[in-house]
Trainee: 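Before we start, here is the structure in question, set down as structure tokens.
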Amino acid sequence: MKILIGTANPGKLREYRELLADIPATFVSTADAGLASLEVDESADTFTGNALIKARAYAQASGLLTLADDSGLAVDALDGAPGVHSARYGGNGLDDRGRRQRLLAALADVPEGQRTARFVCVIALVDPSGEHNETLTEGTVEGRIAFEDREGPVGFGYDAVFIPEGYEESFAQLPGSVKHEMSHRGRAARQMVPVLQRIVGAD
Ligand code: IMP
């Protein structure tokens, strides 16, 4: 059985392939499905709303069971920003590093104890045939924003500025398996595993 991972983000795609490695299905990318140029307007103002918009759009376009997430970073000192706008923070001209620099600049005067933040991930699973109900799962991870970019061998997006609670290293510096254990995406994905197993098992 083929399952589409509905994302244009290579970092997310890699993480889902790792997180769902035990599911006996073939996980295809939007490029594999010929949908690399499909643009989906993430017009909702919640992670749940945008996850559903993406999963429904990719499911309809591909005809495949589709999993898509909407995720982002909520920083307390910025009243929850960038939140659902994490991918576009600072405008369309910035890359991941530029967005991290923008965030570090916005928090330049914020002291250690007030740099708390969390990553949020909502996954939507949509079956275009309607045979299986839409399913939503959610995961969060608490942490704080570093004072500088802390890049490592892996990681994408805001990983290099996010230090999970109980650690001194950023998500980019920690091994992928450690990130998965506690990350927003790992938590949401593990709740989705039994649902996927049921669907794949019945196929
Ligand atoms: P989306 O594709 O609209 O869900 O955008 C997600 C945004 O949040 C992107 O800017 C990502 O880089 C960022 N993001 C989501 N999850 C992570 C993560 O696990 N690590 C780092 N950045 C993330």
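Treat the numbers as computed from the prediction; the structure is a model and nothing was measured.
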Trainee: Tell me, do Glu181 and Leu174 make a side-chain contact under 4.5 Å, heavy atoms counted?
Mentor: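 No, too far: nothing below the 4.5 Å cut-off.
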Trainee: Can you list the steps and then say if Leu107 with Val161 is a side-chain contact (heavy atoms from CB on, under 4.5 Å)?
Mentor: CA-CA 11 Å; Leu107 297 177; Val161 294; over 6 Å; no
Trainee: Counting distance only, does the side-chain N/O of Arg99 pair as donor-acceptor with the main-chain N or O of Leu94 below 3.5 Å?
Mentor: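 Pair found, side chain donor or acceptor close to backbone of Leu94.
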Trainee: Could you report the tightest heavy-atom contact between Leu38 and Ala61, atom names first, then the distance?
Mentor: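 For Leu38 versus Ala61, the nearest heavy atoms are CD2-CB, 4.1 Å.
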Trainee: Parallel, tilted or perpendicular for Phe171 and His184, by the 30°/60° rule?
Mentor: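 Rings of Phe171 and His184: parallel, under 30°.
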Trainee: A side-chain contact here means heavy atoms from C-beta on lying under 4.5 Å apart; do Val75 and Val110 qualify?
Mentor: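 Val75 vs Val110: side chains apart.
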Trainee: Between the side chain of Asp69 and the main-chain N/O of Ile123, is any donor-acceptor distance below 3.5 Å?
Mentor: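 Absent.
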Trainee: Between Arg100 and Glu151, is there a side-chain N and carboxylate O pair less than 4.0 Å apart?
Mentor: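 Here Arg100 pairs with Glu151 in a salt bridge, since their nearest N and O are under 4.0 Å apart.
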Trainee: Run Glu169 and Arg150 through side-chain contact (heavy atoms from CB on, under 4.5 Å) and show every step you take.
Mentor: CA-CA 8 Å; Glu169 301 93 338; Arg150 295 197 196 171; 5.8 Å; no
Trainee: Please name all residues satisfying salt bridge (charged side-chain N to carboxylate O under 4.0 Å, His left out) with Glu39, sequence neighbours left out, ordered by chain then number.
Mentor: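 Checked Glu39 against salt bridge (charged side-chain N to carboxylate O under 4.0 Å, His left out); zero matches.
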Trainee: Testing Ile23, Leu64, Ile199, Thr26 for side-chain contact (heavy atoms from CB on, under 4.5 Å) with Met1, which one passes?
Mentor: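 With Met1 as partner, side-chain contact (heavy atoms from CB on, under 4.5 Å) holds for just one option, Ile199.
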Trainee: Can a salt bridge be assigned to the pair Asp32 and Lys2 using a cut-off of 4.0 Å between side-chain N and carboxylate O?
Mentor: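 No, this pair does not count.
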Trainee: Within 45° of the ring axis of Phe119 and under 6.0 Å from its six-membered ring centre, is that where the NZ or CZ of Arg187 lies?
Mentor: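 No, a cation-pi geometry is absent between Arg187 and Phe119.
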Trainee: Test side-chain contact (heavy atoms from CB on, under 4.5 Å) on Val154 and Lys179; report intermediate values, then the result.
Mentor: CA-CA 10 Å; Val154 288; Lys179 177 182 175 187; over 6 Å; no
Trainee: If we ignore hydrogens and angles and just use 3.5 Å, is the side chain of Gln191 paired with the main-chain N or O of Glu138 as donor and acceptor?
Mentor: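 Such a contact is found between Gln191 side chain and Glu138 backbone.
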Trainee: Begin with the C-alpha distance, continue with both residues' side-chain angles, and end with the deciding distance and a verdict on side-chain contact (heavy atoms from CB on, under 4.5 Å) for Arg97 and Asp149.
Mentor: CA-CA 8 Å; Arg97 183 188 298 258; Asp149 219 15; 4.3 Å; yes
Trainee: For Lys12, is there any backbone N or O sitting under 3.5 Å from a side-chain donor or acceptor partner on Glu15?
Mentor: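 Not a single qualifying donor-acceptor pair exists.
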Trainee: Considering non-hydrogen atoms only, spot the tightest contact between Gln114 and Ala77 and give its length.
Mentor: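 Looks like O-CB, 3.7 Å.
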Trainee: May I ask you to decide if His180's main-chain N or O and Arg185's side chain share a donor-acceptor pair within less than 3.5 Å?
Mentor: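 Here the side-chain-to-backbone pair does not exist.
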Trainee: Under the criterion side-chain contact (heavy atoms from CB on, under 4.5 Å), which of Leu196, Leu4, Thr7 is the partner of Leu67?
Mentor: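 Only one of Leu196, Leu4, Thr7 forms a side-chain contact (heavy atoms from CB on, under 4.5 Å) with Leu67, namely Leu196.
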Trainee: Within the supplied structure, the quantity of interest is the number of heavy atoms (other residues, nucleotides, ligands) at a distance under 6.0 Å from Asp95 CG; does it exceed 12?
Mentor: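 Count over threshold, so yes.
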Trainee: Please report the closest heavy-atom contact between Ser71 and Ser86, naming both atoms and the distance.
Mentor: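 That closest heavy-atom pairing would be O-CB, 4.5 Å.
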Trainee: Give a yes or no on this: more than 12 heavy atoms of other residues, nucleotides or ligands lie within 6.0 Å of atom CZ of Arg115.
Mentor: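 Above 12, so yes.
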Trainee: How about CD on Glu134, more than 12 heavy atoms from neighbouring residues, nucleotides or ligands closer than 6.0 Å, or not?
Mentor: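 Above 12, so yes.
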Trainee: Is the shortest side-chain heavy-atom distance between Lys54 and Asp70 below 4.5 Å?
Mentor: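 Heavy-atom side-chain distance check passes, below 4.5 Å.
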